[in-house]
Amino acid sequence: MRLHRNLVYTTIDALNAIFNEGEYADKVVARSLKKDKRWGSSDRKFVAETIYEIVRWKRLYAEIAEVKEPFDRDNLWRMFSVWAVLRGYPIPDWRQLEGTPDRKIKGRFDELSKVRALKESIPDWMDELGVKELGEKVWATEIAAQNQPAKVILRVNTLKTTREALRAILMDLNIETETLKNQPDALVLKERANVFLTDAFKQGFFEVQDANSQLVAAFLDVKPGMRVVDTCAGAGGKTLHIAALMENKGQLIAMDLYESKLKQLKIRAKRDGAFNIEYRIIDSTKIIKKLHERADRVLIDAPCSGLGVLKRNPDAKWKLKPEFIDNIRKVQSEVLESYSKIVKPGGKLVYATCSVLPSENQDQVARFLTTDIGKQFKFIKDQKILASESGFDGFYMALLERNEQTV
């Protein structure tokens, strides 16, 4: 087990782009993996995992290395040396790693790990917010779970294949998968693999989608032939799942503020063979008003803090700010009141987020039910999912039904 200079240089370049230039980790990693065509799967795995690890533990490693932002290249090398020592790599005789203090690094790790915000490598404000909303015990286990690397989960596209057939196809490629109880469309990869390069992906046999994210479309209780509106479709992971559950029968309207996201969805839908989707950019309130009381089912996959998906997006810990969460709660209230009017009498609505904070979830639903439009709905059920309990992403979803008679 030794460090290779070109892989480490790529890692340092990537960290500079993420920490100092504000780029998103997933985009930087994708670009970094294309740097050298001679790299094998183990080389790419090292680059991707090392970048994500150092992003995930940025605060802790910076404290151990005694460096502060903005990080110059020497600072980044010092943080890398902390990672290498804690992972048990022999330190090579490179100029940038001269004088790496192994014993001091291990000692400071033990000492700093006594403070949760440092141990879990999160901003103080985030630690305080988590404790305030979830309580000390639940937050401690939840943030620890959010620091575990995310598993790769596939959602079988039932418009084109079955779970058993897809498992067999992947097995022929030496990609082993496991099924999940009570989730008929989910497959968990036993080991990480670049599934996007497979013919099965190119033919639309599956999408990559977290196991708990896959619960949302099922929660909406859609049936073939319905009119369904996904109001915050984005790039459409849940939209495509809804299309599959509708068996391509009926009308599925995918809406979003951003045309670029709907363009991505169109590409994915074509690959998946989902052809009952209509696309609408929300460029005025007229778009919403035209649909008032027209839909059997409405999904509001609301914008949120993303505090349920930190294991998948570790750089969000550093990009997120307290004022963003304050603002996003207002947006959640607004979209819930506005988009709920699309539900026809007797129809159903799901409000969902990938946050674990009650203020973005249960509290939003409770507040909505006191509003003029909210009084026309009854609460059916909700589901609060913590990463620490499920092993997957943190999610919340609430199912509401609009009364048959509206005033």
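All figures in this text were calculated on a predicted structure; none of them were measured in a lab.
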Exercise for review: Sort and list the pairs that fulfil salt bridge (charged side-chain N to carboxylate O under 4.0 Å, His left out) and have at least one residue in residues 134-159, not counting sequence neighbours.
Suggested key: Arg116-Glu136
Point to revise | Modelled atom types, side-chain donor and acceptor of Gln364 and Gln332, under 3.5 Å | key: yes
Exercise for review: State, without any angle test, whether Tyr61 and Glu53 hold a side-chain donor-acceptor pair at a distance under 3.5 Å.
Suggested key: no
Review point. Checking Arg167 side chain against Thr177 main chain: does a donor-acceptor pair fall under 3.5 Å?
Key: yes
Review point. Measuring from Ile64:CD1 to Phe109:CZ, what's the distance to the nearest 0.5 Å?
Key: 6.5 Å
Check your understanding: Should Ile288 and Met255 count as side-chain neighbours, where that means a heavy-atom distance under 4.5 Å?
Key -> yes
Review point. Just wondering, do Lys290 and Arg280 contact through their side chains at under 4.5 Å, heavy atoms?
Key: no
Point to revise | Full working for side chain to side chain contact (heavy atoms under 4.5 Å, CB included) between Asp230 and Ile253 | key: CA-CA 6 Å; Asp230 184 352; Ile253 299 171; over 6 Å; no
Study note, to complete from the structure: Residue pairs meeting salt bridge (charged side-chain N to carboxylate O under 4.0 Å, His left out), one or both in residues 196-205, sequence neighbours left out, come to none
Review point. Can you tell me if CG on Asp372 sees more than 12 non-hydrogen neighbours from other groups inside 6.0 Å?
Key: no
Check your understanding: Any chance the side chains of His241 and Asp185 put a donor and an acceptor closer than 3.5 Å?
Key -> yes
Check your understanding: Looking only at side chains, do Arg367 and Ser333 share a donor and an acceptor under 3.5 Å apart?
Key -> yes
Point to revise | Backbone of Glu23 reached by a side-chain donor or acceptor of Lys319 within 3.5 Å | key: yes
Check your understanding: Side chains of Ser359 and Glu133: do they bring a donor and an acceptor to under 3.5 Å?
Key -> yes
Point to revise | Pairs meeting criterion ring-ring contact (aromatic ring centres under 6.0 Å, His included) with involvement of residues 350-391, two or more places apart | key: Phe368-Phe377
Could you list the donor-acceptor pairs under 3.5 angstrom formed between side-chain atoms of residues 265-275 and any protein atom two or more places apart in sequence or on another chain?
unit_1 : atom_1 : unit_2 : atom_2 : d
Arg268 : NE     : Glu207 : OE1    : 3.3
Arg268 : NH1    : Ala235 : O      : 2.8
Arg268 : NH2    : Glu207 : OE1    : 2.9
Arg271 : NH2    : Glu207 : OE2    : 2.9

Practice item. Evaluate the side-chain proximity of Ile12 to Arg73: yes if any heavy-atom separation is below 4.5 Å, no if none is. Key: yes
Point to revise | Spatial distance of atom CG (Asp127) from atom NZ (Lys132) [nearest 0.5 Å] | key: 14.0 Å
Check your understanding: Any side-chain donor paired with an acceptor under 3.5 Å for Gln209 and Ser213?
Key -> yes
Check your understanding: Pick one: which of Ile175, Val152, Leu166 meets side chain to side chain contact (heavy atoms under 4.5 Å, CB included) with Leu187?
Key -> Leu166
Practice item. For Arg329 and Glu360, indicate whether the former's side chain and the latter's backbone hold a donor-acceptor pair under 3.5 Å. Key: no
Review point. Within the side chain of Ser340, is there an N or O that forms a donor-acceptor pair under 3.5 Å with the backbone of Glu337?
Key: yes
Check your understanding: How would you list, by chain and number, every residue that makes a salt bridge (charged side-chain N to carboxylate O under 4.0 Å, His left out) with Lys35, sequence neighbours excluded?
Key -> Asp13
Practice item. Look up atom CG in Leu170 and atom CG in Leu189, then write down how far apart they are to the nearest 0.5 Å. Key: 7.0 Å
Study note, to complete from the structure: Taken in chain and number order and not counting sequence neighbours, the residues that satisfy ring-ring contact (aromatic ring centres under 6.0 Å, His included) with Trp39 are none
Exercise for review: Could you check Trp77 against Tyr9 for ring-ring contact (aromatic ring centres under 6.0 Å, His included), going step by step and ending with a plain yes or no?
Suggested key: CA-CA 9 Å; Trp77 276 102; Tyr9 274 45; 5.6 Å; yes
Exercise for review: Kindly say whether Ala65 contributes a backbone atom to a donor-acceptor pair with the side chain of Arg78 at under 3.5 angstrom?
Suggested key: yes
**Study point:** Close side-chain approach of Leu320 and Leu307, heavy atoms under 4.5 Å
**Key:** yes
Check your understanding: Listed by chain and number, what are the salt bridge (charged side-chain N to carboxylate O under 4.0 Å, His left out) partners of Asp221, not counting sequence neighbours?
Key -> Lys223, Arg297, Lys348
Check your understanding: When you measure from the side chain of Asp210 to the backbone N and O of Phe392, does any donor-acceptor pair fall under 3.5 Å?
Key -> no
**Study point:** Backbone N/O of Met226 and side chain of Asp296: donor-acceptor pair under 3.5 Å
**Key:** no
Check your understanding: So, Asn403 versus Gln376: side-chain donor-acceptor pair below 3.5 Å or not?
Key -> no
Review point. Is the shortest distance from a Lys or Arg side-chain nitrogen in Lys321 or Glu323 to a carboxylate oxygen in the other one below 4.0 Å?
Key: no
Review point. When rounded to the nearest 0.5 angstrom, what is the spacing between CZ in Phe80 and CD1 in Ile51?
Key: 10.5 Å
Exercise for review: Would you mind listing every ring-ring contact (aromatic ring centres under 6.0 Å, His included) that reaches into residues 165-199, with sequence neighbours excluded?
Suggested key: Phe196-Phe201
Check your understanding: Who are the ring-ring contact (aromatic ring centres under 6.0 Å, His included) partners of Tyr24, not counting sequence neighbours?
Key -> none
Review point. Which residues satisfy the salt bridge (charged side-chain N to carboxylate O under 4.0 Å, His left out) test with Glu49, sequence neighbours excluded?
Key: none
Review point. ring-ring contact (aromatic ring centres under 6.0 Å, His included): which pairs involve residues 116-169, sequence neighbours left out?
Key: none
Review point. Between Asp382 and Gln362, do the side chains contain an N or O donor and an N or O acceptor separated by less than 3.5 Å?
Key: no
Review point. Counting only N and O atoms by type, is there a donor-acceptor contact under 3.5 Å from the side chain of Asp256 to the main-chain atoms of Gly234?
Key: yes
**Study point:** ring-ring contact (aromatic ring centres under 6.0 Å, His included): pairs with one or both residues in residues 279-325, sequence neighbours excluded
**Key:** none
Revision key, fill the gap. One should read off an interatomic distance between Leu399 CG and Glu401 CD, to the nearest 0.5 angstrom, of 7.5 Å
Exercise for review: Report yes or no: does Asp72 contribute a side-chain atom to a donor-acceptor pair with the main-chain N or O of Asn75 at less than 3.5 Å?
Suggested key: yes
Practice item. Would you mind reporting whether Asp393 and Ile385 have side-chain heavy atoms less than 4.5 Å apart? Key: no
Review point. Tell me, do Leu173 and Thr198 make a side-chain contact under 4.5 Å, heavy atoms counted?
Key: yes
Point to revise | Trp83 and Phe46 aromatic centres sub-6.0 Å | key: yes
Review point. Taking side chain as C-beta onward, heavy atoms only, is Val82 less than 4.5 Å from Arg87?
Key: no
Point to revise | Pair Trp57 and Tyr52, ring centroids less than 6.0 Å apart | key: no
Check your understanding: How long is the span from the CD1 atom in Ile143 to the NZ atom in Lys311, to the nearest 0.5 Å?
Key -> 11.0 Å
Check your understanding: Can any side-chain N or O of Thr231 pair as donor or acceptor with the backbone N or O of Leu299 at less than 3.5 Å?
Key -> yes
Exercise for review: Answer yes or no: is there a side-chain heavy-atom contact under 4.5 Å between Phe206 and Asn157?
Suggested key: no
Point to revise | Pair Asn147, Lys317: side-chain N/O donor-acceptor within cut-off below 3.5 Å | key: yes
